[in-house]
Chemist: 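There's a structure below that I have some questions on.
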Amino acid sequence: KVFSRGINIGANSITQDFSREVKMPFAKAEEFKISDGFVSLGGAYEEPDNPNQAAISKIARQVMTRLHIQVNQTIQFYRSQQGGSAPQRLYLAGGASIMPYTAQFFAEKINVPVEYFNPFRNIEIDPSVDIEDLAKVAHAYGEVVGVGLRTPARCPVELNLMPKSILKRQELNQKKPY
C-alpha cells in the first residue's frame, strides 16, 4: 500500500519566522535562506560564526520538528485507521527539502531510508532537456506532474491568454470574405 499526504509546512514558514526574528525583509531573508540556510541537527555542535546563519539553522530545525510531528501523526493514522504497516521509505518533496541536512534530520527522527521524490522518474523526457538541470529542481514539480498525468487525454478546458481585443479581431478576420 502507498499512503500519500501533503503537509503545508516548509520553506515559507522558515523564511517568515527568520524574517520576523532578525527583522529582515522577506525577500532578503529568502535569499539568505537559500544561500546559507541549513537544518541544525541538534545535540552538541559548534554554532556558525554568522549569527544569522545560526538563527536560521535553529528556525529551520523548529519548523522541521513541527513537520516531523505531522509526519508521525500521519503514520499513526495510517497504521491505526487504514491497517497499514510501518513505512519502509520516506520521500521528501518541495522547496525546503533541499536545505542541507533535511534528509539526515528525517532519517534520524523516523528511522527509515529517506529519498528525494523525483516525479519525472518514469516519464519520457524530450532529449533536448538537460537531465542534470531537471534533477536539481524535480522535487518541486510533484504536484504539477501529478495533475498533468491525472488526465492525459484531451483537456476539456481551453486556456487562452490572448487579450480579448486580439481574439475579437481574429474572429472578425475569420468572418471576412476572401
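Worth knowing before you read on, the calculation uses all heavy atoms, side chains too, and leaves out hydrogens, waters and symmetry mates. All figures in this text were calculated on a predicted structure; none of them were measured in a lab.
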Chemist: Around N111, counting heavy atoms of other residues, nucleotides and ligands shown, do more than 12 lie under 6.0 Å from its CG?
Modeler: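 No, because the 6.0 Å sphere around CG of N111 holds 12 heavy atoms or fewer from other groups.
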Chemist: Hey, could you give me the CD/NE2 distance between E108 and H68, rounded to the nearest 0.5 Å?
Modeler: 9.5 Å
Chemist: Mind listing the closest non-hydrogen atom pair of S13 and R66 along with its distance?
Modeler: CB-NH2, 3.8 Å
Chemist: Verify the cluster assignment for I9 and Y91: are they in a single hydrophobic cluster under the rule of side-chain heavy atoms below 4.5 Å apart?
Modeler: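 Not linked; separate clusters.
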Chemist: Any side-chain heavy-atom pair from L92 and H139 closer than 4.5 angstrom?
Modeler: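 Counting from C-beta outward, L92 and H139 never come under 4.5 Å.
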Chemist: Is it true that a side-chain atom of R61 and a backbone atom of L41 form a donor plus acceptor pair closer than 3.5 Å?
Modeler: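 Yes; judged by distance alone, with no hydrogens or angles, the pair exists.
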Chemist: Would you say R169 and L172 make side-chain contact, with heavy atoms under 4.5 Å?
Modeler: no
Chemist: When clusters are formed by joining ILVMFWY residues with side-chain heavy atoms under 4.5 Å apart, either directly or through shared neighbours, do I98 and V63 land in the same one?
Modeler: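 Shared cluster, yes.
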Chemist: Could you tell me which non-hydrogen atom of S19 sits nearest to which non-hydrogen atom of P25, and how far apart they are?
Modeler: OG-C, 3.8 Å
Chemist: Check whether V22 and V39 end up in the same hydrophobic cluster, where Ile, Leu, Val, Met, Phe, Trp and Tyr are linked by side-chain heavy atoms less than 4.5 Å apart.
Modeler: yes
Chemist: What closest approach, in Å, do G37 and I56 show between heavy atoms, and which atom pair accounts for it?
Modeler: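 Heavy atoms only, the tightest pair is CA-CG2, 3.8 Å.
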Chemist: Would you say the side-chain atoms of T74 pair up with the backbone N or O of Q70, donor to acceptor, closer than 3.5 Å?
Modeler: yes
Chemist: Say whether, by atom type as modelled, one donor and one acceptor occur between the side chain of S97 and the main chain of G94 under 3.5 angstrom.
Modeler: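 Yes: the side chain of S97 pairs with the backbone of G94.
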Chemist: Return the minimal non-hydrogen interatomic distance between N118 and A138, and the atom names on each side.
Modeler: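 Scanning both residues completely, I find the closest heavy atoms to be OD1-CB, 3.5 Å.
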Chemist: Has the side chain of Q53 got a donor or acceptor atom that lies under 3.5 Å from a matching backbone atom of D36?
Modeler: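 Answer holds: yes.
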Chemist: Determine the interplanar angle of the Y141 and F120 rings, folded into 0 to 90°, and report it as parallel if under 30°, tilted if 30 to 60°, perpendicular if over 60°.
Modeler: tilted
Chemist: Is the shortest heavy-atom distance from the side chain of L167 to the side chain of Q170 under 4.5 Å?
Modeler: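 Contact flag for L167/Q170 side chains = yes.
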Chemist: Give the cluster check for I14 versus F26: same hydrophobic cluster or not, with ILVMFWY residues linked at side-chain heavy-atom distances below 4.5 Å.
Modeler: no
Chemist: Between the side chains of K58 and S40, does any donor sit under 3.5 Å from an acceptor?
Modeler: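 No - no donor-acceptor pair under 3.5 Å links their side chains.
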Chemist: Could E30 and K33 be called an ion pair, given the rule that one side-chain N must be under 4.0 Å from one carboxylate O?
Modeler: yes
Chemist: Taking everything shown except D133 itself, do over 12 heavy atoms lie less than 6.0 Å from its CG?
Modeler: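 More than 12 within 6.0 Å, yes.
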Chemist: Taking S80 for its side chain and Q76 for its backbone only, find out whether a donor-acceptor pair lies under 3.5 Å.
Modeler: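 Judged by distance alone, yes, a pair lies under 3.5 Å.
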Chemist: Could you tell me how the ring of Y101 sits relative to the ring of F38: parallel (under 30°), tilted (30 to 60°) or perpendicular (over 60°)?
Modeler: perpendicular
Chemist: Could you check if a side-chain atom of V112 sits within less than 4.5 angstrom of a side-chain atom of Q88, using non-hydrogen atoms only?
Modeler: no
Chemist: To check you understand the geometry: which heavy-atom pair defines the closest contact between G10 and A96, and what is its length?
Modeler: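 Smallest interatomic distance, heavy atoms only, reads C-CB, 4.0 Å.
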Chemist: Using a 4.5 Å cut-off on heavy atoms from C-beta on, say whether the side chain of M24 contacts that of N52.
Modeler: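 In contact.
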Chemist: For residues F106 and I69: do they belong to one hydrophobic cluster (side chain heavy atoms under 4.5 Å, members Ile, Leu, Val, Met, Phe, Trp, Tyr)?
Modeler: no
Chemist: Hey, does N72 have a side-chain heavy atom less than 4.5 Å from the side chain of F77?
Modeler: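 With C-beta onward as the side chain, the pair stays apart.
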Chemist: Crowded around N8 CG? As in, over 12 foreign heavy atoms under 6.0 Å?
Modeler: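 Not buried by this count: 12 neighbours or fewer within 6.0 Å.
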Chemist: Just wondering, do M64 and F105 contact through their side chains at under 4.5 Å, heavy atoms?
Modeler: yes
